[in-house]
Amino acid sequence: MPELPEVETIVRELRQPLVGRTFTQVIVRWEKTIQTPVAEFKHNLPGKQIESIRRRAKYIWFHLSGGWSLFIHLKMSGNLQVLPVSTPCEKHVHTILRLDNGHEVRFKDTRKFGRAYLTRDPETVTGHLGPEPLADNFTLADFKALFHRKKGRLKPLLLNQAFIAGLGNIYADEACHDAGILPNRTADTLSAVELERLYHSIRKVLNHGIMHRGATFDEVYPGGKFQNFFQVYGRTGEPCRTCDQPVERIVLSSRSTHFCPNCQR
DNA sequence: CTAAAATCCTGGTGGC
DNA sequence: TGCCACCAGGATTTTA
């Protein structure tokens, strides 16, 4: 379940092997992965060179020659491998993008939720997204303004990518705990002081995640270490690292939500 | 407007 | 050991 820090780490690791490469061939084994019409995708991708790779929210964004953009969203279980064509292909590889150097990009995705988009208009994919929480120009005032006349509960708001981009279940729970705010609070009850704490906590937990190269989960994304630093996520019944009270779990908008009833108010 | 539920998927788990 | 019901979980879509 890659969230912002995992996707950021993956993007950084893809740059060295992929920037400058040109796609030569597309093999699609599970067509639902491709969100743009498959025939267009297969026709338009070969011949395009990767000029740069960035991240927007949880999307991996390949800037291609000719003004094209390839977006890949890993969703729950997606994983990108860059391997020589001769390497035996693992199970659950649904799309293969051949390169001009004898290697290929393999989109492996056990649960088949991952999606790829090829477009000349990036806005069609990312246009609905809220602000990047780690952007230099994303200020406390901007964050507070997001809450203007918002009435829903805090956790679902933080998970809403149109509200703020990049948080998922793990980092939303961790940010609420760091800020000392209960995730089921109604958004319009948060004080100015609480909003300020939350703003800094969101950026803090995301930066910590990136620093530890993300969190490794279900062995989908190897290499991350942040799972060792979770304060509440997945720790139901275990003692809070701050106060020793057992971490509690509730369900909010059908998502597991973990919090410390003592540290969070 | 908010919000809850259904949808898409498969591997892992727990009950019997 | 086998069978099966059930669950997680991001984002979108549907329904209330």
Side-chain angles (χ1 to χ4, degrees), chain A residues 1-11 28-36 38 55-61 71-80 90-95 107-117 119 122-133 146-176 183-190 202 206 209 214-222 224 226-227 230 232-237 247 249-258:
Chain A
M1 42 228 76
E3 304 179 23
L4 187 155
E6 289 75 31
V7 177
E8 178 64 30
T9 304
I10 290 165
V11 162
V28 178
R29 298 177 175 175
W30 176 262
E31 298 205 346
K32 283 187 181 178
T33 299
I34 312 301
Q35 283 300 93
T36 34
V38 177
R55 177 190 59 74
R56 173 73 171 108
K58 302 173 196 170
Y59 291 87
I60 302 168
W61 183 359
F71 289 95
I72 292 183
H73 197 307
L74 302 171
K75 293 287 182 91
M76 303 297 303
S77 57
N79 188 14
L80 291 182
E90 292 178 21
K91 206 176 168 187
H92 306 302
V93 172
H94 306 306
T95 302
F107 191 175
K108 179 181 170 184
D109 185 10
T110 306
R111 289 176 199 165
K112 294 182 175 175
F113 281 10
R115 295 290 182 262
Y117 312 73
T119 177
E123 285 291 300
T124 60
V125 178
T126 63
H128 68 288
L129 294 168
E132 285 287 328
L146 294 180
F147 283 82
H148 184 60
R149 295 212 270 186
K150 286 291 177 187
K151 285 191 155 187
R153 292 184 191 273
L154 178 58
K155 171 83 179 276
L157 263 189
L158 295 179
L159 293 179
N160 182 348
Q161 302 300 298
F163 180 77
I164 188 168
L167 288 172
N169 214 30
I170 295 171
Y171 293 90
D173 281 3
E174 293 295 320
C176 286
N184 59 354
R185 284 273 298 279
T186 306
D188 64 1
T189 67
L190 297 189
I202 287 170
L206 292 174
T216 296
F217 238 77
D218 295 340
E219 302 186 20
V220 166
Y221 168 65
F226 191 63
Q227 68 278 9
F230 290 169
V232 287
Y233 183 83
R235 300 190 65 243
T236 310
V247 170
R249 176 185 177 275
I250 57 172
V251 174
L252 275 181
S253 49
S254 65
R255 290 287 166 263
S256 280
T257 299
H258 314 77

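Throughout, protein chains are lettered first and strands after them, A, B, ... in sequence-line order, and every chain is numbered starting at 1.
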If I take atom [atom1] in residue [X] and atom [atom2] in nucleotide [N], what distance separates them, rounded to the nearest angstrom?
X	N	atom1	atom2	answer
A:Phe163	B:dT2	CZ	P	10 Å
A:Lys32	B:dC9	NZ	C1'	9 Å
A:Lys155	B:dA4	NZ	C1'	15 Å
A:Leu74	C:dG10	CG	C1'	11 Å
A:Leu157	B:dA3	CG	P	8 Å
A:Lys112	B:dT7	NZ	C1'	16 Å
A:His94	B:dC9	NE2	C1'	9 Å
A:Lys150	B:dC1	NZ	P	8 Å

With sequence neighbours excluded, residues passing side chain to side chain contact (heavy atoms under 4.5 Å, CB included) with [X]:
X	value
A:Glu8	A:Arg12, A:Arg55, A:Ile210
A:Thr257	A:Lys155, A:Asp173, A:Pro183, A:Ile250, A:Leu252
A:Lys151	A:Asp188
A:Thr33	A:Trp30, A:His94, A:Thr95, A:Phe107

Item to check | Degree of bending, the helix from B:dT2-C:dA16 to B:dC16-C:dG2 (end axes from five pairs; round to 10°) | outcome: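 The end-segment axes of the helix from B:dT2-C:dA16 to B:dC16-C:dG2 are tilted 60° relative to each other.
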Checklist entry - Is any side-chain heavy atom of A:Thr110 less than 4.5 Å from a side-chain heavy atom of A:Asn79? => result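 Side-chain contact under 4.5 Å: no.
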Item to check | With sequence neighbours excluded, residues passing side chain to side chain donor-acceptor pair (under 3.5 Å) with A:Lys58 | outcome: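 For A:Lys58 there are no side chain to side chain donor-acceptor pair (under 3.5 Å) partners, ignoring immediate neighbours.
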Checklist entry - Sequence neighbours excluded, which residues qualify as side chain to side chain donor-acceptor pair (under 3.5 Å) partners of A:Thr124? => result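 Expected list: none.
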Checklist entry - Distance check: side-chain N/O of A:Lys151 vs OP1/OP2 of B:dA3, anything under 4.0 Å? => result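 No, because none of the side-chain N or O atoms of A:Lys151 sits under 4.0 Å from OP1 or OP2 of B:dA3.
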Checklist outcome for this item: Reading nucleotides 11-16 of chain C from 5' to 3' and marking B where a protein heavy atom lies under 4.0 Å of the base, S where only the sugar-phosphate is that close, and - otherwise, the string is BS----
Item to check | Contact list for residues 156-167 of chain A, test salt bridge (Lys or Arg N to Asp or Glu O under 4.0 Å), sequence neighbours left out | outcome: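 Qualifying pairs: none.
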Item to check | Those residues that, when tested against A:His92, pass ring pair (Phe, Tyr, Trp, His ring centres under 6.0 Å) (two or more places apart) | outcome: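 Scan of A:His92 (ring pair (Phe, Tyr, Trp, His ring centres under 6.0 Å), adjacent residues dropped) gives none.
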Item to check | Partners passing ring pair (Phe, Tyr, Trp, His ring centres under 6.0 Å) against A:Phe113 (at least two apart in sequence or in another chain) | outcome: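 Residues passing ring pair (Phe, Tyr, Trp, His ring centres under 6.0 Å) with A:Phe113: none at all.
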Could you list, one pair per line, each protein nitrogen or oxygen that sits under 3.5 Å from a nitrogen or oxygen of nucleotides 11-15 of chain B, together with the distance?
from	atom 1	to	atom 2	distance (Å)
B:dG11	OP1	A:His92	NE2	3.0

Next on the checklist: Would you compute the distance between atom CG of A:Asn169 and atom OH of A:Tyr233 and round it to the nearest 0.5 angstrom?
Outcome noted: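 The OH atom of A:Tyr233 is 5.0 Å from CG of A:Asn169, to the nearest 0.5 Å.
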